[in-house]
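First up is the structure itself, then whatever we jot down about it.
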Amino acid sequence: MTRRPASVTVRVPAKVNVQLAVGGPRPDGFHDLANVFLAVGLYDEVTVAPAEELRITVAGPDAGQVPADASNLAARAAVALAARHGLEPRVHIHIVKHIPVAGGMAGGSADAAGALVACDALWGTGASREELLAICAELGSDVPFSLVGGAALGRGRGELLEPLETGGTFHWVFAVADGGLSTPEVYRECDRLRGDTAVPEPEASPALIEALRTGDAVALAASLANDLQPAALSLRPSLAATLAAGTEAGALAALVSGSGPTTAFLAKDAESAQAVAGALAASGTCRAVRVTTGPAQGATLL
Ligand code: C5P
C-alpha cells in the first residue's frame, strides 16, 4: 500500500485582472466576460491533514473575516473531490491568509484551488488536470485560474481559460482597503449604472495581450481596463482618492482589482514600485500596502 503523507501544503497566488470586459447579464445571472487574469506574488498557504471530520481553521491578520465552516470555498472543494471519489472528506484544512479578504484578488478562489490540489495529494485520488479544472469551475468562476496561474484569458463567466504568454516581470503595488466588497453586489451595481445602454460583446484587447507577451509595462499600463471599476467606485467612493494617490506618486496606471475594493498600481520597475508604495502608505487612503510582481505560478505543492 502506498504511504500517504501526514500533511500536504499548497501555495496559491492572488490575481489581478489586467482587463475585465463585462457583457450584459445572462439568463443564469452571470455575465459573459473577457477576463485577462495575471497571477501575482501574494500567496495563501493551504495545509491539509487527516482528521476525524471536516474542520477548517484560518490564520493571519484578517483571519476573523474568513468563514471557518463548511461554507468556506476550500471546504467545499474538499467535499466535491471526496464525493467524486467515494470518500468522506475527513480532513483538517488550515489556511494561512495573506491575500486580502473579499478584496477582488480571488483569495477565496485561491484557497479552494489550494485545498483541491492538497486533498488530491493527501488522499492519493490522482485526479487529472481536466477533472481538477472541472471541479474548480463548479466551485467558482475564478477558481480555475487560481489553479493554473501565470496569465490567461478567461471567457464564459471567466472559467474557460486560454493561457497567455508573458514576456517579463511586471511590478505591482496593491492598496488594501478597509473591509471588503461583495462580488454579486458589484456586478448588480454595474448593471444598474449601465441601465438600458446597449452592452457590446466582451472582447480581449489585442494591444493588452501583446503588451503581456512582450513584457512592456508602459504598453500594458495604457491598456489596463476594468468594466467593474465604476461600480466599485460607486459603492466605495473613497477608492478614488487611493487611485489618485498612487498615480500622483508615479504609478504608470491605477485600477480597481476585479470587483475591488483592493486597488492595483502598475509601476515601471521595482524602485518605482517602492516609491508608489511609500506614498500610498503615507497618504492615509488605504489600510495596508503590498509590493509584488506578476506573473506568479498557480497552485504549487510545497
Ligand atoms: O463564480 P463566483 O461564485 O465567483 O461568482 C460570484 C458572483 O459574482 C456570482 O454569483 C455573480 O453574481 C457574479 N458574477 C457574474 N458574472 C461572472 C462572475 C461572477 O455575474 N462572470
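Hydrogens, waters and symmetry mates are skipped; everything else that's a heavy atom, side chains included, is used. Both ligands and their constituent atoms are indexed starting at 1 by order of listing. Along the sequence shown, residues carry numbers from 1.
Within the 4.0 Å heavy-atom criterion, both parts of F30, backbone and side chain, lie near ligand 1.
When atom types are taken as modelled, the side chain of N17 and the backbone of L20 share no donor-acceptor pair closer than 3.5 angstrom. Looking only at distances, no side-chain donor or acceptor of D44 sits under 3.5 Å from a matching main-chain atom of D111. Between the side chain of Q19 and the backbone N or O of E203, at least one donor-acceptor pair lies under 3.5 Å. At least one donor-acceptor pair under 3.5 Å links the side chain of T262 to the backbone N or O of G103. No donor-acceptor pair under 3.5 Å is formed between the side chain of K268 and the backbone N or O of A273.
Within the 4.5 Å cutoff, the side chain of T293 has no heavy atoms near those of the W172 side chain.
Note on D120 versus R84: no salt bridge recorded, every NZ/NE/NH1/NH2 to OD/OE distance being 4.0 Å or above.
Between the choices D142, D32, L33, T183, the shortest heavy-atom distance to atom 8 (O) of ligand 1 belongs to T183.
Summary of contacts: the protein heavy atom closest to atom 3 (O) of ligand 1 is G140 CA, 4.2 Å. For atom 4 (O) of ligand 1, the closest non-hydrogen atom on the protein side is S141 N, 3.8 Å. Nearest to atom 20 (O) of ligand 1 among the protein's heavy atoms is H31 ND1, 2.6 Å. Shortest contact from atom 13 (C) of ligand 1 to any protein heavy atom: Y187 CD1, 3.4 Å.
Checking only distances, R157 does come within under 3.5 Å of ligand 1, N or O to N or O.
Proximity to P184 (heavy-atom distance under 4.0 Å) selects the following atoms of ligand 1: 7 (C), 12 (O). Below 4.0 Å from some heavy atom of G29 lie the following atoms of ligand 1, by number and element: 20 (O).
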